[in-house]
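First comes the structure, then the notes that go with it.
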Amino acid sequence: MFLYLFLGLVSTAFAADADSVYQVVPAVKDVRLTGGEPFVVDGSCVIVCGSDDAQMRRNAEFLQTYVEQASGLRLPVVAQVPKKGKSIRLVTVSELGVEAYRLTVDGRKRSITVAGGSPRGVFYGVQTLRKTITHSPISLPAAVINDAPRFAYRAMHLDVCRHFFTVEQVKEYIDILALHNMNTFHWHLTDDQGWRMESKRYPRLHEIGSQRRHTVIGRNTGLFDDTPHGGYYTQEQLREVVRYAAERCITVIPEVELPGHALAILAAYPELGCTGGPYEVEPTWGIFDDILCAGNDKVFDLLCGVVDELVDIFPSKYINIGGDEAPKKRWEQCPKCQQRIREQGIKASGKLSAEAKLQGYFTNRMEQYINAKGRSIIGWDEIMEGDISQSATVLCWRGIEHGIKAAKEGHDVIMAPTAYCYFDYYQTDEEKTWNKPLLIGGYVPLEKIYSYEPLPEELDETTRQHIIGVQANIWTEYIPWRQLLLYQMLPRAAALAEVQWASPTQKDYAGFLRRLPSLTTIYRQQHWPYCCSE
């Protein structure tokens, strides 16, 4: 049965509804059919883009490619509306929101107009067109569509540390995000099992930290494959991915884990640990006691040097500094860390030990440096266990209650709870029962993702404004290859996209399944494996 699911064959629940041309995923806010003559794409049609803006030109080129894939017609891109023939016009209109668009189809006037509040809005209008022209001949009913996203932050995360993915595979991942109207790619670049970015200032990070000598077989069985695993991205490759994502209106947010999940750093620079080692790039999965020493100023020298490189490569507003799963055992026994606690006057309070609050010092010190570079930090919700600045954005993963607490304390919050947003978990009962494929565990089926409401009822209207978006995560301990990565992602990314984009009043799971073929047709065209368990 897994083979059947893996091949991505279409289930009967995904059968196309021929009468629902504009019924796409994510659902658009408003569709008004205006009657009259439909617009038929044929050889007389051109794409009109009179703007010199680079993103607008890319939008026109994307649309040109999508039409060619669907119909075989390669429409010329021109600067002015022709006197004869048909046209698809791409324009910006200031009264619309930055990511909003209006799509007007008028067969009588022989025109389609995609108007966006910015080139980003036009891009999303083009994506909606892409999902409506999956079959030839292309005939679109006369209509006016108005659409805009619910959340400003719409993301997916990818861990490339446990298993490395090539630049081309990362670009493919970004392509999938773009199709689903997501605007943020959270790139998890460092962990115990590997450091994945070139550092010209601290080259041992990638020379040593990117390679592990072998990898555990199964769930920490004590058996190893005796095959070296590694890889890192050069700074030019990182910039290439950033450019590629930007063309698709996606911001790349890098993550460098600190102070925990740092064995790849310690393997390269053992003097930065509390014990001095020896350390190795970790071949197993889990949480490990050896973390960066909070009492050693050389740790901050290295991290600030890495931040300098990050801000030079990544133009994102945010830098993610991790902060999760950092045991304090070494800090409790470390003279340097204990000296730091005394110097800073850190005291235990409530359920938090002085060592737990020392992480707040660590976080704040790094945030101040990052803020001085004109950027802001995101951290996993454990960063709230210390005294942190209200300007830190909290990525909630352990449970919705942590997001509620962060919002009430005035932090911006990104919701990514494991119960709804962990795509490395199983997605069907059969997989979970038989452990096929071998995954980390858990169970997050399509319908459960779709049911998620990111704005908790416990928050009042003002506090809800701190919930800035939703993100799904893919950790790759048990995902070593591209086909399984995409299978874990699809079509769950479609359910997530509707949570991120559409209003709650638009959501209807049965209707979502009827609209899903607008995406699964493209999955098959692109040879993207996907699960069809419904």
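Just so it is clear, the model here is predicted, and its values are computed rather than measured.
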Pairing residues for [X] by the side-chain hydrogen bond (donor to acceptor under 3.5 Å, both in side chains) criterion, not counting sequence neighbours:
| X | answer |
| --- | --- |
| Glu240 | Lys171 |
| Glu280 | Arg213 |
| Tyr452 | none |

Point-to-point distance, once rounded to the nearest 0.5 Å, from [atom1] of [X] to [atom2] of [Y]:
| X | Y | atom1 | atom2 | result |
| --- | --- | --- | --- | --- |
| Leu519 | Arg524 | CG | CZ | 11.0 Å |
| Glu247 | Ile250 | CD | CD1 | 11.0 Å |
| Gln465 | Leu455 | CD | CG | 10.5 Å |
| Leu266 | Asp290 | CG | CG | 6.5 Å |
| Glu172 | His527 | CD | NE2 | 10.5 Å |
| Leu292 | Leu263 | CG | CG | 9.5 Å |

For the ring pair His157 and Trp475, is the centre-to-centre distance below 6.0 Å?
->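 Yes, the ring of His157 comes within the 6.0 Å limit of the ring of Trp475, centre to centre.
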Check: Tyr487 ring centroid to Tyr523 ring centroid under 6.0 Å =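 Ring centres of Tyr523 and Tyr487 not closer than 6.0 Å.
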Tell me, which pairs form a ring-ring contact (aromatic ring centres under 6.0 Å, His included) where one or both residues lie in residues 318-375, sequence neighbours left out?
->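 Applying ring-ring contact (aromatic ring centres under 6.0 Å, His included) to every pair that reaches into residues 318-375, excluding sequence neighbours, yields Phe300-Phe362.
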Could you give all pairs that pass the ring-ring contact (aromatic ring centres under 6.0 Å, His included) test and reach residues 426-447, with sequence neighbours left out?
->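 Residue pairs passing ring-ring contact (aromatic ring centres under 6.0 Å, His included), neighbours aside: none found.
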Output, in order, the C-alpha distance, side-chain angles, deciding distance and verdict of side-chain contact (heavy atoms from CB on, under 4.5 Å) for Leu459 and Lys408.
-> CA-CA 8 Å; Leu459 299 181; Lys408 286 182 176 179; 3.8 Å; yes
More than 12 heavy atoms from other groups under 6.0 Å of CD on Glu457 |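 Not buried by this count: 12 neighbours or fewer within 6.0 Å.
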Lys448, NZ: over 12 other non-hydrogen atoms inside 6.0 angstrom |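 Above 12, so yes.
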Mark yes or no for whether [X], through its side chain, and [Y], through its backbone, hold a donor-acceptor pair below 3.5 Å.
| X | Y | value |
| --- | --- | --- |
| Gln344 | Leu358 | no |
| His466 | Glu409 | no |
| Asp424 | Ile479 | no |
| His163 | Thr476 | yes |
| Asn296 | Leu272 | no |

Show your reasoning for whether salt bridge (Lys or Arg N to Asp or Glu O under 4.0 Å) applies to Glu99 and Arg154.
-> CA-CA 12 Å; Glu99 292 189 308; Arg154 307 180 302 280; 2.9 Å; yes
Can you tell me which residue pairs pass the salt bridge (Lys or Arg N to Asp or Glu O under 4.0 Å) test with a partner in residues 223-232, sequence neighbours excluded?
->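 Those involving residues 223-232 do not exist here.
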Please determine, by modelled atom types, if [X] and [Y] share a side-chain donor-acceptor pair under 3.5 angstrom.
| X | Y | answer |
| --- | --- | --- |
| Arg58 | Gln55 | no |
| Gln427 | Glu431 | no |
| Asn364 | Gln368 | no |

For Ile522 and Gln526, what are the C-alpha separation, side-chain angles and deciding distance, and is it a side-chain contact (heavy atoms from CB on, under 4.5 Å)?
-> CA-CA 6 Å; Ile522 297 173; Gln526 298 297 319; 4.1 Å; yes
Is it true that Lys328 and Glu382 have a side-chain N and a carboxylate O under 4.0 angstrom from each other?
->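 The answer is no: the pair does not qualify as a salt bridge.
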Show the nearest heavy-atom pair for residues [X] and [Y], with the distance to one decimal.
| X | Y | result |
| --- | --- | --- |
| Gln237 | Tyr232 | OE1-O, 3.9 Å |
| Asn371 | Ser391 | OD1-OG, 4.2 Å |
| Ser316 | Arg375 | O-NH1, 2.9 Å |
| Asp381 | Trp397 | OD2-N, 2.8 Å |
| Arg398 | Glu385 | NH1-OE2, 3.2 Å |

Not counting sequence neighbours, list each pair that qualifies as a side chain to side chain donor-acceptor pair (under 3.5 Å) and has a residue in residues 261-278.
->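 Those involving residues 261-278 are Asp191-His261, Asp192-His261, His261-Glu325, Thr275-Tyr279.
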Looking at Tyr153, Tyr124, Phe151, which hits ring-ring contact (aromatic ring centres under 6.0 Å, His included) with Trp501?
->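 Result: among Tyr153, Tyr124, Phe151, Tyr124 is the only option passing the ring-ring contact (aromatic ring centres under 6.0 Å, His included) with Trp501.
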Using the test side chain to side chain contact (heavy atoms under 4.5 Å, CB included), find all partners of Ile313 that sit at least two apart in sequence or belong to another chain.
->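 Once residues adjacent in sequence are excluded, the partners of Ile313 under the side chain to side chain contact (heavy atoms under 4.5 Å, CB included) criterion are Gln235, Leu238, Arg239.
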Val167 and Tyr244: CA distance, side-chain angles, deciding distance, side-chain contact (heavy atoms from CB on, under 4.5 Å) verdict = CA-CA 10 Å; Val167 168; Tyr244 188 87; over 6 Å; no
Would Gln193 and Arg212 count as a side-chain contact (heavy atoms from CB on, under 4.5 Å) if you check the C-alpha gap in whole Å, the side-chain angles of each, and the deciding distance to 0.1 Å?
-> CA-CA 7 Å; Gln193 294 79 15; Arg212 62 177 182 262; 3.5 Å; yes
Determine the interplanar angle of the Tyr233 and Trp187 rings, folded into 0 to 90°, and report it as parallel if under 30°, tilted if 30 to 60°, perpendicular if over 60°.
->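 Judged by the thresholds at 30° and 60°, the geometry between Tyr233 and Trp187 is tilted.
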Sole candidate of Val499, Val470, Val444, Asn473 that passes side-chain contact (heavy atoms from CB on, under 4.5 Å) when paired with Cys421 |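 One option only clears the test, and that one is Val470.
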Passing option when Leu446 is tested against Pro491, Cys532, Ser451, Cys531 for side-chain contact (heavy atoms from CB on, under 4.5 Å) =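 Considering Pro491, Cys532, Ser451, Cys531, a side-chain contact (heavy atoms from CB on, under 4.5 Å) with Leu446 is found only for Pro491.
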Contacts under 3.5 angstrom, residues 201-209 side chains, donor-acceptor by atom type, not counting sequence neighbours:
{"unit_1": "Arg201", "atom_1": "NH1", "unit_2": "Asp308", "atom_2": "OD2", "d": "3.1"}
{"unit_1": "Tyr202", "atom_1": "OH", "unit_2": "Asp301", "atom_2": "O", "d": "3.4"}
{"unit_1": "Arg204", "atom_1": "NE", "unit_2": "Ala268", "atom_2": "O", "d": "2.9"}
{"unit_1": "Arg204", "atom_1": "NH2", "unit_2": "Ala268", "atom_2": "O", "d": "2.4"}
{"unit_1": "His206", "atom_1": "ND1", "unit_2": "Ser199", "atom_2": "N", "d": "3.1"}
{"unit_1": "His206", "atom_1": "ND1", "unit_2": "Pro203", "atom_2": "O", "d": "3.3"}

Those residues that, when tested against Glu367, pass salt bridge (charged side-chain N to carboxylate O under 4.0 Å, His left out) (two or more places apart) =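 Glu367 satisfies salt bridge (charged side-chain N to carboxylate O under 4.0 Å, His left out) with no residue once adjacent residues are dropped.
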Donor-acceptor contacts, no H, no angles, side chain residues 251-259, under 3.5 Å, sequence neighbours left out:
{"unit_1": "Glu255", "atom_1": "OE1", "unit_2": "His186", "atom_2": "NE2", "d": "2.7"}
{"unit_1": "Glu255", "atom_1": "OE1", "unit_2": "His188", "atom_2": "ND1", "d": "2.6"}
{"unit_1": "Glu255", "atom_1": "OE2", "unit_2": "Trp380", "atom_2": "NE1", "d": "2.8"}

Indicate every side-chain donor-acceptor pair of residues 345-353 with a distance under 3.5 Å to a residue at least two apart or in another chain.
{"unit_1": "Ser349", "atom_1": "OG", "unit_2": "Lys357", "atom_2": "NZ", "d": "3.1"}
{"unit_1": "Ser353", "atom_1": "OG", "unit_2": "Glu355", "atom_2": "N", "d": "3.4"}
{"unit_1": "Ser353", "atom_1": "OG", "unit_2": "Ala356", "atom_2": "N", "d": "3.0"}

